[in-house]
Visitor: 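I am attaching a structure below and will ask some questions about it afterwards.
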Amino acid sequence: MNGGTRSVAQHEVTRKREVWSGRSVFIMAAIGSAVGLGNIWRFPYIAYENGGGAFLIPYLVALLTAGIPLLLVDYAIGHKFRGSPPLAFRRLRRGAEFIGWWQVLVCFVIGVYYAVIVAWAARYTFFSITEAWGDDPEGFFMSSFLNQDTDATFGLSFVPGVAWTLLLVWIATLAVLALGVQRGIGNANRFFVPLLVLLFGALVVRSLTLDGATTGLDAFFTPNWSALTDTGVWIAAYAQIFFSLSVAFGIMVTYASYLKRKTNLTGSGLVVGFSNSSFEVLAGIGVFSALGFMAQAQGVEVGEVVAGGIGLAFIAFPTIVSEMPGGPLFGVLFFGSLVFAGFTSMISIIQVTVSAFQDKTGLGRVPAVLAIGGVSAIVSLLLFPTTTGLNTLDVVDRFANQFGIVGVAFVALVVVAWIYRRLPELRDHLNSVSSFKVGTGWMVFTGIITPLVLGYMLFSEIRDRVRDGYGGLPDSLVTAFGWSVQAGVIILAVLLTFIPWRRGIDEEYELDENRPLASAQAPASSGDPSPGPDSSTGGTR
């Protein structure tokens with residue numbers, strides 16, 4: 001009798017797990033996570049530096065052999081094991097739980113600095129209206145706006161204009177997360193992703209009408225075929241795919257765990273993967289059209305004005321805005337696009353940490369958001385809106401991406417594919433719910449090709465950073481916010497596995513696995529027949 005009561009109670013707990021209202025909402029949220037700052041300011045520069053139009057060949061190969069296959073690994077783990085990364089990996093095999101915590105902590109680190117870049121873009125959206133940077137965008141950004149200290153050591157001298165904007169970004173992010181998976185994250189992405197496409201589409205159209213636009217496009221698309229024989233170009237293509245698709249650090253595992261049990265996973269992965277890459281190519285067209293105008297206006301070659309990252313966004317583009325007709329509107333479109341792209345990605349990053357904390361402790365959504373989101377916001381506000389914040393951000397960003405994301409992706413694939421040999425099980429799960437089937441090719445890509453590429457990337461980065469340091473910055477700064485942070489993430493990930501899980505977590509999963517697919521999606525009327533796995537695809541919509 002008691003066992004029956006407990007089963008009913010556990011059944012109700014499982015039924016209350018949040019879900020997306022439909023597959024389209026999940027796809028929109030996944031695209032919102034994947035399309036971020038890197039699509040706009042990283043891809044165009046990487047493509048130009050690595051063969052121009054020829055770069056699209058290794059980029060497409062990387063998308064098909066690593067990006068989408070790895071995306072499907074995340075989908076399969078999250079969807080099959082129904083949990084945040086630590087819980088999903090624990091259910092895959094108890095010894096793999098630390099991988100999930102590693103992913104969560106990488107997201108925590110990325111989230112605390114990613115927010116400040118969104119805050120910068122928000123301020124620059126308004127700066128564009130008056131062209132507040134004047135005749136010296138670089139001096140304005142470094143000195144007037146950030147008040148950067150030429151000394152690269154760490155300090156806590158706050159810049160109020162950045163700090164209060166950063167606080168507003170955190171309030172907005174936590175407000176969306178507090179509303180829940182569907183009402184908050186889902187609805188936010190259904191609004192912001194189309195708005196991002198609309199704004200950036202208008203920016204691209206305006207860029208194409210500028211004098212010199214064709215010169216910029218020639219520089220971007222003219223292929224350097226000899227680059228295809230350079231191993232570094234292929235590694236750059238794989239790196240761009242890894243960093244732009246939001247794979248391997250918990251986001252897609254978390255998002256997939258909220259899907260209904262009968263969902264077309266492989267079809268969703270193809271839509272998300274190609275949508276992300278299409279936006280990157282669109283970004284390249286818009287950015288290089290504008291850079292072509294800038295080069296013509298200054299009477300120089302396009303190569304002399306090309307920049308990537310922060311230099312492109314906050315120095316090169318303000319210069320373009322100042323020189324072009326209707327510049328303020330162009331600036332609002334560009335920086336508004338950065339805000340929306342960054343905000344939707346920011347939501348997904350913080351959701352990973354919140355979801356893990358909920359699963360571990362059993363706390364409700366709002367308390368979990370306030371606890372974990374609050375800690376993230378405090379760390380962010382202490383470290384980055386300061387006169388040394390840019391240097392700190394630079395180091396943390398480099399190590400979080402090149403060591404955190406690449407490292408955990410490499411370890412996860414080796415553990416899943418070779419130590420626990422669970423790829424066949426994940427393949428069968430994908431095929432059981434999807435229209436497009438995966439087979440031996442997918443297993444070769446995820447079990448052999450992708451780990452080899454990731455291992456080479458990780459080895460090369462460790463060798464280069466040990467030998468050369470980073471960016472001419474002091475070793476003390478690189479050690480404190482680079483090496484030490486990443487080592488601390490791994491140690492803490494292992495320690496978190498020793499904290500007990502809330503009671504009933506294993507019974508919930510067993511009950512959920514044994515329940516018919518239809519009853520996992522909606523309460524079934526008593527007496528209704530339970531359809532088998534292949535009886536309906538209604539859950540895919």
Visitor: Is the backbone of S33 close enough, under 3.5 Å, to the side chain of S246 for a donor and an acceptor to pair up by distance?
Guide: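 Such a contact is found between S246 side chain and S33 backbone.
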
Visitor: For residues I40 and F200, determine if any side-chain heavy atom of one lies less than 4.5 Å from a side-chain heavy atom of the other.
Guide: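 Yes, close enough: below the 4.5 Å cut-off.
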
Visitor: Please report the closest heavy-atom contact between V193 and G32, naming both atoms and the distance.
Guide: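 Result for this residue pair: CG2-CA, 3.6 Å.
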
Visitor: Give a yes or no on whether the ring-centroid distance for W120 and F335 is below 6.0 angstrom.
Guide: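 That pair fails the under 6.0 Å test.
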
Visitor: Check L177 against R365 and note the closest heavy-atom contact, atom names and distance.
Guide: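 Scanning both residues, the minimum pair turns out to be O-NH1, 2.8 Å.
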
Visitor: Under a 3.5 Å cutoff, is there a donor and acceptor pairing between the side chains of Q182 and Y258?
Guide: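 No pair is found: no donor N or O on one side chain lies under 3.5 Å from an acceptor on the other.
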
Visitor: Is there a side-chain contact between R90 and W501 in this structure, where contact means two heavy atoms from C-beta onward sitting under 4.5 Å apart?
Guide: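 Side chain of R90 against side chain of W501, heavy atoms only: contact under 4.5 Å found.
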
Visitor: With no hydrogens and no angle check, just 3.5 Å: does a side-chain donor-acceptor pair link S380 and Y113?
Guide: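 Judged by distance alone, the side chains do not pair up.
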
Visitor: Tell me if the aromatic rings of F43 and F279 count as close, with their centers under 6.0 Å from one another.
Guide: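 Ring centres of F279 and F43 not closer than 6.0 Å.
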
Visitor: Where the side chain of R427 meets the backbone of V438, is there a donor-acceptor pair that is under 3.5 Å apart?
Guide: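 Such a contact is absent between R427 side chain and V438 backbone.
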
Visitor: In terms of side-chain geometry, is the basic nitrogen of E280 or R42 positioned less than 4.0 Å from the acidic oxygen of its partner?
Guide: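 Result for this pair is no, no salt bridge flagged.
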
Visitor: Should the pair E97-R91 be classified as a salt bridge under the 4.0 Å nitrogen-to-oxygen rule?
Guide: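 So E97 does not pair with R91 through a salt bridge.
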
Visitor: What's the spacing between N39 CG and S244 OG if we round to 0.5 Å?
Guide: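 Those atoms lie 5.5 Å apart.
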
Visitor: Are side-chain heavy atoms of L383 and F481 found at a separation under 4.5 Å?
Guide: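 Contact flag for L383/F481 side chains = yes.
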
Visitor: Between R421 and V416, is a side chain to side chain contact (heavy atoms under 4.5 Å, CB included) present by the stated rule, with each step listed?
Guide: CA-CA 6 Å; R421 298 183 179 275; V416 171; over 6 Å; no

Visitor: Donor-acceptor pair, distance only, cut-off 3.5 Å: does the side chain of T353 make one with the backbone of I350?
Guide: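 Yes: the side chain of T353 pairs with the backbone of I350.
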
Visitor: Rounded to the nearest 0.5 Å, what's the gap from NZ on K260 to CH2 on W20? Could you check?
Guide: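 Those atoms lie 12.5 Å apart.
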
Visitor: If you apply the rule ring-ring contact (aromatic ring centres under 6.0 Å, His included), what do you find for F498 with F98, and how did you get there?
Guide: CA-CA 10 Å; F498 292 100; F98 83 95; over 10 Å; no

Visitor: What do you reckon, is OH of Y420 surrounded by more than 12 foreign heavy atoms closer than 6.0 Å?
Guide: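 Atom OH in Y420 is packed in, count exceeds 12.
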
Visitor: Heavy atoms only: give me the nearest G447-A417 pair and the separation to one decimal.
Guide: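 Scanning both residues, the minimum pair turns out to be CA-CB, 4.0 Å.
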
Visitor: So which atom in M457 and which in A239 form the shortest heavy-atom distance, rounded to 0.1 Å?
Guide: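 Closest approach of M457 to A239, heavy atoms only: CE-CB, 3.7 Å.
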
Visitor: Taking side chain as C-beta onward, heavy atoms only, is L92 less than 4.5 Å from K80?
Guide: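 Result no, sub-4.5 Å side-chain heavy-atom pair not found.
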
Visitor: When you compare the side chain of N276 with that of I31, does any pair of heavy atoms fall below 4.5 Å?
Guide: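 Heavy-atom side-chain distance check fails, nothing below 4.5 Å.
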
Visitor: Whether the side chain of D397 engages the backbone of L393 through a donor-acceptor N/O pair (distance < 3.5 Å, no angle test) should be reported.
Guide: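 Not a single qualifying donor-acceptor pair exists.
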
Visitor: Going by the side-chain contact (heavy atoms from CB on, under 4.5 Å) test, name the single residue among V169, I347, V369, L370 that passes it with L174.
Guide: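 Filter result, single survivor: V369.
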
Visitor: Among V118, L198, L196, which one satisfies side-chain contact (heavy atoms from CB on, under 4.5 Å) with F340?
Guide: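 With F340 as partner, side-chain contact (heavy atoms from CB on, under 4.5 Å) holds for just one option, L196.
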
Visitor: Side chain to side chain contact (heavy atoms under 4.5 Å, CB included) for W442 and L72? Distances and angles first, verdict last.
Guide: CA-CA 9 Å; W442 176 78; L72 297 182; 3.8 Å; yes

Visitor: Show the numbers, then the answer: is there a side chain to side chain contact (heavy atoms under 4.5 Å, CB included) between T497 and W101?
Guide: CA-CA 8 Å; T497 64; W101 286 115; 3.9 Å; yes

Visitor: Regarding Y470 and D394, do their side chains bring together a donor and an acceptor under 3.5 Å, going by distance alone?
Guide: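 Yes, side-chain donor-acceptor contact under 3.5 Å.
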
Visitor: Once rounded to the nearest 0.5 Å, what's the spacing between atom CG of L381 and atom OG of S376?
Guide: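 These two atoms lie 10.5 Å from each other.
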
Visitor: Would you confirm whether the ring centroid of F249 sits within less than 6.0 angstrom of the ring centroid of W102?
Guide: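 No, they do not, as the ring centres are separated by 6.0 Å or more.
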
Visitor: Between T450 (side chain only) and F445 (backbone N and O only), is there a donor and an acceptor less than 3.5 Å apart?
Guide: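 Yes: the side chain of T450 pairs with the backbone of F445.
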
Visitor: Please check this pair: side chain of T125 against backbone of A121, looking for a donor-acceptor N/O pair closer than 3.5 Å.
Guide: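 Yes: the side chain of T125 pairs with the backbone of A121.
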
Visitor: State whether the side chain of K437 and the backbone N or O of S432 hold a donor-acceptor pair below 3.5 Å, judged by distance alone.
Guide: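 No: the side chain of K437 does not pair with the backbone of S432.
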
Visitor: Within this structure, what is the CG-CD1 distance for the pair L71 and I251, rounded to the nearest 0.5 Å?
Guide: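 The distance works out to 11.0 Å.
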
Visitor: What's the spacing between F192 CZ and S345 OG if we round to 0.5 Å?
Guide: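 Output value for this atom pair is 12.5 Å.
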
Visitor: Could you check I185 against L179 for side chain to side chain contact (heavy atoms under 4.5 Å, CB included), going step by step and ending with a plain yes or no?
Guide: CA-CA 8 Å; I185 302 171; L179 289 173; over 6 Å; no

Visitor: Rounded to the nearest 0.5 Å, what's the gap from CD1 on I405 to CZ on F242? Could you check?
Guide: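 Taking CD1 in I405 and CZ in F242, the distance rounds to 11.0 Å.
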
Visitor: Using a 3.5 Å distance criterion without hydrogens, assess whether the side chain of R82 forms a donor-acceptor pair with backbone atoms of H79.
Guide: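 Side chain of R82 to backbone of H79, a donor-acceptor pair under 3.5 Å: yes, one is there.
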
Visitor: Between A122 and T165, what is the shortest heavy-atom contact and its length?
Guide: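 Of all heavy-atom pairs spanning A122 and T165, the closest is CB-CG2, 4.2 Å.
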
Visitor: For the ring pair Y114 and F384, is the centre-to-centre distance below 6.0 Å?
Guide: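 No, too far apart.
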
Visitor: Between the side chain of D74 and the main-chain N/O of V247, is any donor-acceptor distance below 3.5 Å?
Guide: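 No; zero donor-acceptor contacts below 3.5 Å.
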
Visitor: Quick one: does V176's side chain get under 4.5 Å of F343's, heavy atoms only?
Guide: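 V176 vs F343: side chains touch.
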
Visitor: Look only at the side chain of T361 and the backbone of L363, and say whether a donor-acceptor pair between them is shorter than 3.5 Å.
Guide: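 Yes.
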
Visitor: Given side chains that start at C-beta, do those of V415 and F89 come closer than 4.5 Å, heavy atoms only?
Guide: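 V415 does not reach F89 side chain to side chain.
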
Visitor: Do V354 and Q351 come close enough that some side-chain heavy atom pair is under 4.5 Å?
Guide: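 Side chain of V354 against side chain of Q351, heavy atoms only: contact under 4.5 Å found.
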
Visitor: Step by step, work out the side chain to side chain donor-acceptor pair (under 3.5 Å) result for S268 and R23.
Guide: CA-CA 8 Å; S268 301; R23 175 171 166 248; 2.7 Å; yes

Visitor: Judged by modelled atom types alone, do T344 and N189 share a side-chain donor-acceptor pair under 3.5 Å?
Guide: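 Not at all, the side chains of T344 and N189 share no donor-acceptor pair under 3.5 Å.
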
Visitor: Search all heavy atoms of A88 against all heavy atoms of V253 and return the closest pair with its distance.
Guide: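 For A88 and V253, the tightest heavy-atom pair comes out as CB-CG1, 4.1 Å.
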
